[in-house]
Novice: 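Provided herewith is a single structure, encoded as structure tokens, for subsequent inquiry.
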Amino acid sequence: FFREKTGVSGEEVGMVRIGKESSRRDHATGIRGAVEIGCFLMDAVLVLAGHLAGFWLRFYSGWAVGPIFTDTDKIPTWSGYISHFVLGGVLFSLLLVRAGAYRRNALLRRQAAFQALSKAAFHWMVLYLLVSLFFKLDPPIARTFVLISGLMIIPLLYAGRMVVLRAIH
């Protein structure tokens, strides 16, 4: 029918090519979706690692002691902070999505990734402190723990993104 109306075959116009491009696009979309899910899961693990590192640095390393770091009277246990790790991880993951950390440009470009990750970390620190202030969490959250965790998470997430970028390219 197409040849009768136009005098040109489908191959000459590129109708066959459209089908191939469509399957390539579907394949690329599937790969991009897998990369996004992989980055999200990797980020969740790295956020948890940042929380654990921040907790250890704040309470068990001996580094954050002295007159500046007196926001807790006693050293909390790991099990006492599990709810804080979960709440902080969920909140950070939501802020990463909100900051655009899983958009195509943030997945493929270093500067866009760093900006999205830094923006989410800053907002997490402020929001997490506000949540802890308004809801009186038990045990209370140490402000220095939040600061140290936020500062630990940024390089961890950025390093994870660089690994993903190397794997993609």
Side-chain angles (χ1 to χ4, degrees), residues 14-64 68-69 76 78-133 137 141-169:
M15 290 177 68
V16 174
R17 195 168 8 111
I18 291 173
K20 288 180 183 176
E21 286 177 6
S22 177
S23 65
R24 285 183 192 149
R25 192 175 333 118
D26 292 342
H27 180 70
T29 303
I31 290 174
R32 190 172 349 131
V35 169
E36 289 170 355
I37 291 170
C39 280
F40 183 80
L41 294 175
M42 178 188 64
D43 289 350
V45 170
L46 292 175
V47 165
L48 178 62
H51 287 321
L52 294 173
F55 183 84
W56 181 81
L57 279 172
R58 169 59 183 101
F59 297 110
Y60 291 100
S61 70
W63 173 73
I68 296 174
F69 304 110
W78 292 92
S79 60
Y81 255 56
I82 286 178
S83 61
H84 298 319
F85 297 149
V86 171
L87 176 64
V90 169
L91 186 61
F92 205 102
S93 296
L94 292 172
L95 287 171
L96 282 172
V97 171
R98 177 75 174 108
Y102 303 107
R103 291 188 185 134
R104 185 177 180 158
N105 69 332
L107 289 174
L108 298 177
R109 295 188 183 101
R110 293 172 194 230
Q111 185 175 1
F114 184 73
Q115 287 175 346
L117 299 174
S118 300
K119 183 174 152 183
F122 174 74
H123 288 132
W124 174 80
M125 286 188 266
V126 171
L127 191 60
Y128 200 49
L129 288 173
L130 289 174
V131 164
S132 68
L133 226 106
L137 301 176
I141 296 178
R143 292 178 299 276
T144 51
F145 159 72
V146 174
L147 177 68
I148 293 170
S149 290
L151 294 176
M152 292 293 297
I153 289 171
I154 294 171
L156 285 173
L157 289 177
Y158 189 69
R161 286 299 166 91
M162 293 307 103
V163 169
V164 170
L165 281 174
R166 290 237 174 185
I168 290 173
H169 293 102

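Side chains included, hydrogens not; waters and symmetry mates left out as well; all remaining heavy atoms used.
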Novice: Rounded to the nearest 0.5 Å, what's the gap from CG on L151 to CE on M125? Could you check?
Specialist: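 If we round to the nearest 0.5 Å, L151:CG and M125:CE are 5.0 Å apart.
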Novice: Could you give the distance from CZ (F92) to CG (L127), rounded to the nearest 0.5 Å?
Specialist: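 That separation rounds to 11.5 Å.
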Novice: To the closest 0.5 Å, what do you measure between CG (L147) and CG (L57)?
Specialist: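 Taking CG in L147 and CG in L57, the distance rounds to 11.0 Å.
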Novice: For a quick test of reading the model, state the closest non-hydrogen atom pair linking L117 to A101 and the distance between them.
Specialist: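 Taking every non-hydrogen atom into account, CD2-CB, 4.3 Å.
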Novice: Backbone N or O of L91 within a donor-acceptor pair of the W124 side chain at under 3.5 Å?
Specialist: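 Checking the backbone N and O of L91 against the side chain of W124, no donor-acceptor pair under 3.5 Å is found.
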Novice: Hey, are the side chains of F40 and L96 touching, using non-hydrogen atoms and a 4.5 Å cut-off?
Specialist: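 No, every pair of side-chain atoms sits at 4.5 Å or beyond.
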Novice: Of the non-hydrogen atoms in A112 and A106, which two are nearest, and what is the gap between them?
Specialist: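 So the minimum-distance heavy-atom pair works out to CB-CA, 3.9 Å.
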Novice: Kindly compute the distance separating CZ (R103) from CD (E36), expressed to the nearest 0.5 Å.
Specialist: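 One gets 11.0 Å once the value is rounded to the nearest 0.5 Å.
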Novice: Can R161 and F114 be said to form a side-chain contact (heavy atoms from CB on, under 4.5 Å), step by step?
Specialist: CA-CA 9 Å; R161 286 299 166 91; F114 184 73; over 6 Å; no
Novice: Which label fits H84 and Y128: parallel for a plane angle under 30°, tilted from 30 to 60°, or perpendicular past 60°?
Specialist: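 Correct class here is perpendicular.
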Novice: Please verify the inter-ring angle class for Y81 with F145; under 30° counts as parallel, over 60° as perpendicular, anything in between as tilted.
Specialist: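 It falls in the perpendicular class, over 60°.
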Novice: For a quick test of reading the model, state the closest non-hydrogen atom pair linking L95 to H123 and the distance between them.
Specialist: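 Minimum heavy-atom separation between L95 and H123: CD1-C, 3.9 Å.
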Novice: Within the 4.5 Å heavy-atom criterion, are L157 and M42 side-chain neighbours or not?
Specialist: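 In short, these two side chains do not touch, never coming nearer than 4.5 Å.
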Novice: Compare all side-chain heavy atoms of L107 with those of V164 and state whether any distance is below 4.5 angstrom.
Specialist: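 A side-chain contact under 4.5 Å is absent here.
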Novice: So, for S118 and I154, which heavy atoms are closest and what is the spacing to 0.1 Å?
Specialist: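 Of all heavy-atom pairs spanning S118 and I154, the closest is OG-CG2, 4.1 Å.
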Novice: If you look at every heavy atom in V47 and I153, which pair is closest and at what distance?
Specialist: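 Minimum heavy-atom separation between V47 and I153: O-CD1, 4.0 Å.
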Novice: Do you know the tightest heavy-atom contact between S149 and G50?
Specialist: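 Looks like OG-O, 3.8 Å.
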Novice: Once you round to the nearest 0.5 Å, how far does CG of L41 lie from CG of L46?
Specialist: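 So the CG of L41 and the CG of L46 are separated by 11.0 Å.
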Novice: Please state whether the rings of H51 and F85 are parallel, tilted or perpendicular, taking 30° and 60° as the class boundaries.
Specialist: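 Because their plane-to-plane angle is under 30°, the rings of H51 and F85 count as parallel.
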Novice: Say you draw a straight line from CZ of F55 to OH of Y60; how long is it, rounded to the nearest 0.5 Å?
Specialist: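 Going from CZ on F55 over to OH on Y60, the span is 4.5 Å.
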